[in-house]
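Below: one structure, written as structure tokens.
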There are 2 protein chains.
Amino acid sequence: MNVIEISKVLSNKTRVNILKWLKNPEVNFPPHQDIDHFDDGVCVGYIQDKTGLSQSTVSTYLNSMQNADLVIPTRHGKWTYYRRNEAVIQAYVDALKNEL
Amino acid sequence: MNVIEISKVLSNKTRVNILKWLKNPEVNFPPHQDIDHFDDGVCVGYIQDKTGLSQSTVSTYLNSMQNADLVIPTRHGKWTYYRRNEAVIQAYVDALKNEL
DNA sequence: ATAACATATCTATTTTTTTAGATATGTAGA
DNA sequence: TCTACATATCTAAAAAAATAGATATGTTAT
């Protein structure tokens, strides 16, 4: 868990929004076509629509968030689903509380 | 209290270090010449020495931290002392815990 | 008033980040 | 296998951040 790297992710409004949206996928995204739950998160296309940014930009953002271990990807056929990594998010908040 | 702006400050190792050092000034800095306490924080010169960066860079960093309300400056004669703004730091951690 | 000093601001350069178009990869279905 | 589609990666341009030297400002002491 790298505090600097995670803070860098959180220094961008869109990336923070993505993390917040993923907290309540059923409220923030339409249902998926292939499955009827959000257990593995949300596909990239839906996240892209919500941000209004280009596909490559959103993919880059999700990649940086994955590198920081803030999200976990899962393949479902053609789609990649992203969900929050609650353990790392919690560890980050705890680290700030204790060390900062 | 701006989460994005504060996260931007925290995305740099030196700036995080400055905040941490200011938590225990008596441990991390030599005593001041004019006063015998750290109630108003630490003068810029001491912080600069500790970072090893140039005077202008440290001043820029402290300015960005002040803009984010993470530190509070106080003039003492020729010196400007910087101390942590514990209320805002606390509010930031709480906001992350609740909103993130 | 002048000199010395601490800090801030200005200016410029290098590095990093943001962003998107183009292209590549991987998967599912015909 | 060929096509369509979702996502990732490559490439490049523009914007922002990092960094420091030079200069300005404000304060103290002489």
Side-chain angles (χ1 to χ4, degrees), chain A residues 2 4-19 22 25 29-35 38 40-68 70-83, chain B residues 2 4-19 22 25 29-35 38 40-68 70-83:
Chain A
N2 185 323
I4 302 298
E5 193 181 4
I6 292 180
S7 297
K8 210 168 283 182
V9 167
L10 300 182
S11 70
N12 176 287
K13 189 140 189 53
T14 299
R15 290 189 298 253
V16 170
N17 281 336
I18 292 172
L19 271 185
L22 289 180
F29 300 98
H32 283 122
Q33 298 175 332
D34 57 339
I35 50 175
F38 287 105
D40 291 324
V42 179
C43 69
V44 178
Y46 286 176
I47 297 173
Q48 189 204 327
D49 290 345
K50 190 107 176 164
T51 62
L53 295 172
S54 75
Q55 187 267 318
S56 68
T57 298
V58 172
S59 188
T60 300
Y61 279 5
L62 289 168
N63 184 258
S64 73
M65 293 164 78
Q66 181 189 338
N67 285 336
L70 286 169
V71 295
I72 300 167
T74 308
R75 261 272 184 184
H76 278 239
K78 291 193 287 189
W79 296 275
T80 306
Y81 290 64
Y82 283 91
R83 68 178 190 278
Chain B
N2 184 325
I4 302 299
E5 194 181 4
I6 292 180
S7 296
K8 209 167 284 180
V9 167
L10 300 182
S11 70
N12 175 288
K13 188 140 190 54
T14 298
R15 290 189 299 253
V16 170
N17 281 337
I18 291 172
L19 272 185
L22 290 179
F29 299 99
H32 283 122
Q33 297 175 333
D34 57 339
I35 49 175
F38 288 104
D40 291 323
V42 179
C43 69
V44 178
Y46 286 178
I47 297 172
Q48 189 205 327
D49 290 345
K50 191 106 176 163
T51 62
L53 295 172
S54 75
Q55 188 268 318
S56 69
T57 297
V58 173
S59 188
T60 300
Y61 279 4
L62 289 169
N63 184 258
S64 72
M65 294 165 78
Q66 181 188 339
N67 285 337
L70 285 170
V71 294
I72 301 166
T74 308
R75 261 274 185 184
H76 277 240
K78 292 194 286 190
W79 296 275
T80 307
Y81 290 64
Y82 283 91
R83 68 179 189 278

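This one's a predicted model, so the numbers in the text were calculated from it and none came from an experiment. Lettering follows sequence order; numbering is per chain, from 1.
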Reckon A:Thr80 touches a base, only the sugar-phosphate, or nothing at all at heavy-atom distances under 4.0 Å? sugar-phosphate

Which of D:dA20, C:dT17, C:dA20 is nearest the side chain of B:Ser54? It is D:dA20

Each nucleotide of nucleotides 23-30 of chain D classed B (base within 4.0 Å of a protein heavy atom), S (only sugar-phosphate) or -, in 5' to 3' order, makes ---SBS--

Rounding to a whole Å, what distance do you find between B:Asn63:CG and C:dC10:P? 10 Å

Measure the distance from OH on A:Tyr82 to C1' on D:dA6 and round it to the nearest whole Å. 11 Å

C:dA6 P sits how many Å from B:Asp49 CG, rounded? 10 Å

Respond yes when some side-chain nitrogen or oxygen of B:Thr57 is under 4.0 Å from OP1 or OP2 of D:dT19, and no when none is. no

Go through the structure and list residues passing ring pair (Phe, Tyr, Trp, His ring centres under 6.0 Å) with A:Phe38, not counting sequence neighbours. A:His32

Any base atoms under 4.0 Å from B:Tyr46, or only sugar-phosphate, or nothing? Heavy atoms, all strands. nothing

Going by salt bridge (Lys or Arg N to Asp or Glu O under 4.0 Å), name the residues that satisfy it together with B:Arg83, two or more places apart in sequence or in a different chain. B:Asp40

Between A:Tyr81 (OH) and C:dT27 (P), how many Å, whole number? 15 Å

Provide, to the nearest angstrom, the distance between the CD1 atom belonging to A:Ile35 and the P atom belonging to C:dA28. 13 Å

Nucleotide C:dA6, atom C1' - distance to CD of B:Gln33 in whole Å: 11 Å

Describe the nucleic acid contact of B:Ser56 in one word from base, sugar-phosphate, nothing, applying a heavy-atom distance below 4.0 Å. base

Let me know the distance between CH2 of B:Trp79 and C1' of C:dA8, rounded to the nearest Å. 17 Å

Give, ordered by number, those residues of residues 11-19 of chain A having at least one heavy-atom distance below 4.0 Å to an atom of DNA chain C; if nothing qualifies, reply none. A:Asn12, A:Arg15

Heavy atoms under 4.0 Å, any strand shown: does B:Leu62 hit a base, just sugar-phosphate, or nothing? nothing

Taking only residues two or more places apart in sequence, or in another chain, which ones meet B:Ser7 in a side chain to side chain donor-acceptor pair (under 3.5 Å)? B:Tyr92

Could you pull out all residues at least two apart from A:Lys50 that satisfy side-chain contact (heavy atoms from CB on, under 4.5 Å)? A:Trp21, A:Asn28, A:Phe29

Sequence-distant partners of B:Thr57, side chain to side chain donor-acceptor pair (under 3.5 Å), two or more places apart: B:Ser54

Figure out the CG/C1' separation between A:Asp34 and C:dT27, and round it to whole Å. 12 Å

Can you tell me which residue among A:Thr14, A:Asp49, A:Val44 is in a side-chain contact (heavy atoms from CB on, under 4.5 Å) with A:Val58? A:Val44

Contacts of B:Asn63 meeting side chain to side chain donor-acceptor pair (under 3.5 Å) (sequence neighbours excluded), chain-then-number -> B:Asn67

Keeping the roles fixed (side chain from B:Ser59, backbone from B:Ser56), state whether a donor-acceptor pair exists under 3.5 Å. no

Could you work out, with side chain to side chain donor-acceptor pair (under 3.5 Å) as the rule, every residue matching B:Tyr82, not counting sequence neighbours? none

